Amino acid sequence: MSNRRDFIKTAGVLTGASILFNTAPLLANENFKKTAKGKFKLRFRPYTLNLKHVFTLSTSSRSTTPVVLTELEYDGIIGYGEASMPPYLGESHESVLKFLSKIDLSSFDDPFEMENILGYVDQIETGNKAAKASVDIALHDLVGKIMKQPWYKIWGYDPSKTPSTSFTIGIDTPEVIRQKVKETDIYKILKVKLGRDTDKMMIETIRQITDKPICVDINQGWTDKQFALDMAFWLHERGIVFIEQAMPKERIDDNAWLTERSPIPTIGDEAVQRLDDVLKAHKVYSGINIKLMKCTGMREAHKMVTLAKALGMKVMIGCMTETSCAISAASQLSPMADWADLDGALLISNDVYKGMEVHNGKVTLNTLPGIGVRKI
Ligand code: MG
């Protein structure tokens with residue numbers, strides 16, 4: 001109950017009513033009532049995720065992630081959404097709440113007008129991608145619930161084709177790495193964060209314990225292209241399947257040079273945010289890492305998957321630390337992905353949703369409509 005009280009309401013009822021009176025006199029009474037009753041109500045509240053382990057990337061360490069949980073209600077049906085704001089991406093509780101407060105959906109009557117609704121939300125301000133994703137995800141959940149189908153079915157994807165998800169191991173000491181690898185028994189593929197001066201030690205430590213496939217994420221941590229290429233060959237010999245964002249995203253020519261020569265695929269992550277970045281990434285990287293919080297949500301992510309596949313690029317579906325809400329939303333796309341990194345909800349200790357589950361390392365979609373979640 002306290003959760004519900006904490007939600008901030010932005011119904012815009014009066015504005016909506018005046019618009020309806022101005023434009024609806026010719027409608028039959030029955031239609032008018034139906035439209036008036038079906039107004040959107042957007043609610044949202046800040047929440048803080050606690051991470052099970054301190055998480056270290058090449059540039060930062062942290063033990064919590066701020067998120068905002070959204071609900072979009074229409075005609076008594078509620079869609080759930082979420083914004084996740086890791087600090088290095090520039091959004092915060094404050095910025096997301098401010099952005100969501102500006103949204104006025106009173107001029108929309110029909111949740112199926114997704115392109116119009118999300119186009120309106122996108123043009124309110126530039127940036128604010130996680131905030132926009134929180135509305136996009138809630139709208140998808142709502143529309144899927146109205147259609148009584150999960151999105152992977154609406155899109156026509158085969159749920160048996162979901163990939164295994166990698167489990168992420170941050171930069172750490174050999175003792176901690178050994179412990180973490182032992183905890184990842186069920187996972188078929190490991191994702192290892194590299195980009196400091198301990199890269200070879202980390203891989204060698206893990207290889208003493210397991211010969212599972214490993215992918216590595218450098219988070220732009222390598223600065224020399226010849227060093228990056230030498231590492232690519234060294235990693236290839238040790239069964240690493242791809243390298244994510246080896247060098248800074250601005251170094252387009254160097255990243256393309258590496259991709260041309262690397263024995264294993266390169267994946268652009270920081271370099272690939274939204275739909276128009278997919279074309280720019282073509283021939284600079286072998287593939288792209290799509291995350292809902294970077295690309296404003298499921299609608300644009302779906303377009304990115306389609307475009308990347310048409311260009312012959314590899315597709316990875318990734319995540320931030322998120323609850324099962326945003327993770328389940330992303331997992332709807334995963335049958336089309338070559339790789340998935342959807343462990344975000346497994347890294348936190350205070351999830352508030354139950355949704356997509358990982359069974360024997362594989363992304364396992366349920367049959368719940370929308371994004372496939374229910375509140376715990
Ligand atoms: Mg990455």
Side-chain angles (χ1 to χ4, degrees), residues 51 53 55-62 65 84-91 129-130 133 163-172 180 187 189-196 198-199 202-203 206 213-223 228 231-232 235 240-252 254-255 258-259 262 264-274 277-278 280-281 284-296 301 304-305 308 313-322 326-327 330-331 333-334 337-347 363:
L51 310 189
H53 298 283
F55 194 58
T56 304
L57 308 177
S58 65
T59 49
S60 61
S61 292
R62 68 178 196 276
T65 300
S84 172
M85 297 87 70
Y88 55 89
L89 290 179
E91 285 180 84
K129 291 180 290 184
S164 294
T165 182
S166 52
F167 189 85
T168 303
I169 296 176
I171 294 171
D172 234 313
K180 281 190 183 171
Y187 297 96
I189 179 165
L190 302 177
K191 175 168 173 173
V192 181
K193 293 285 189 180
L194 300 181
R196 290 192 180 171
T198 53
D199 291 356
M202 289 201 36
I203 297 298
I206 296 167
I214 296 173
C215 51
V216 296
D217 188 357
I218 317 305
N219 288 111
Q220 315 183 79
W222 295 341
T223 50
M231 281 300 291
L235 291 165
I240 278 61
V241 291
F242 67 78
I243 304 172
E244 192 176 323
Q245 201 66 60
M247 287 180 281
K249 61 181 178 180
E250 297 81 13
R251 304 261 297 272
I252 296 165
D254 289 349
N255 279 298
L258 175 67
T259 297
S262 173
I264 49 178
T266 63
I267 303 292
D269 181 6
E270 286 86 342
V272 182
Q273 305 281 315
R274 299 195 58 172
D277 294 320
V278 179
K280 294 176 199 162
V284 178
Y285 303 94
S286 323
I288 59 170
N289 185 350
I290 299 171
K291 296 176 184 169
L292 300 186
M293 298 303 144
K294 290 192 300 182
C295 74
T296 72
M304 292 172 78
V305 170
M313 299 178 78
K314 297 281 188 192
V315 169
M316 175 180 178
I317 305 285
C319 64
M320 310 298 174
T321 36
E322 297 162 357
I327 295 293
S331 71
L333 285 159
S334 69
D338 299 282
W339 300 292
D341 180 28
L342 292 173
D343 62 352
L346 304 167
L347 302 174
V363 172

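One-based numbering, in listed order, for ligands and for the atoms of each. All values derive from a computational prediction rather than experimental measurement.
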Using a strict cut-off of less than 4.0 Å between a Lys/Arg side-chain nitrogen and an Asp/Glu carboxylate oxygen, indicate whether D277 and R274 qualify as a salt bridge.
-> no
Salt-bridge contact K294-E270 (side-chain N to carboxylate O under 4.0 Å) | no
Between W339 and the options N289, V315, I267, the side chain to side chain contact (heavy atoms under 4.5 Å, CB included) test singles out I267
Please indicate how many protein N/O/S atoms are found closer than 2.8 Å to the Mg ion (ligand 1), with waters neither displayed nor included.
-> 3
Measure from the side-chain N and O atoms of D269 to the backbone N and O of Q245, and report whether any donor-acceptor pair falls under 3.5 Å.
-> no
T296 side chain vs A133 backbone, donor-acceptor pair below 3.5 Å = no
Taking all non-hydrogen atoms of both residues into account, name the closest pair between V284 and T259 and its distance.
-> O-OG1, 2.6 Å
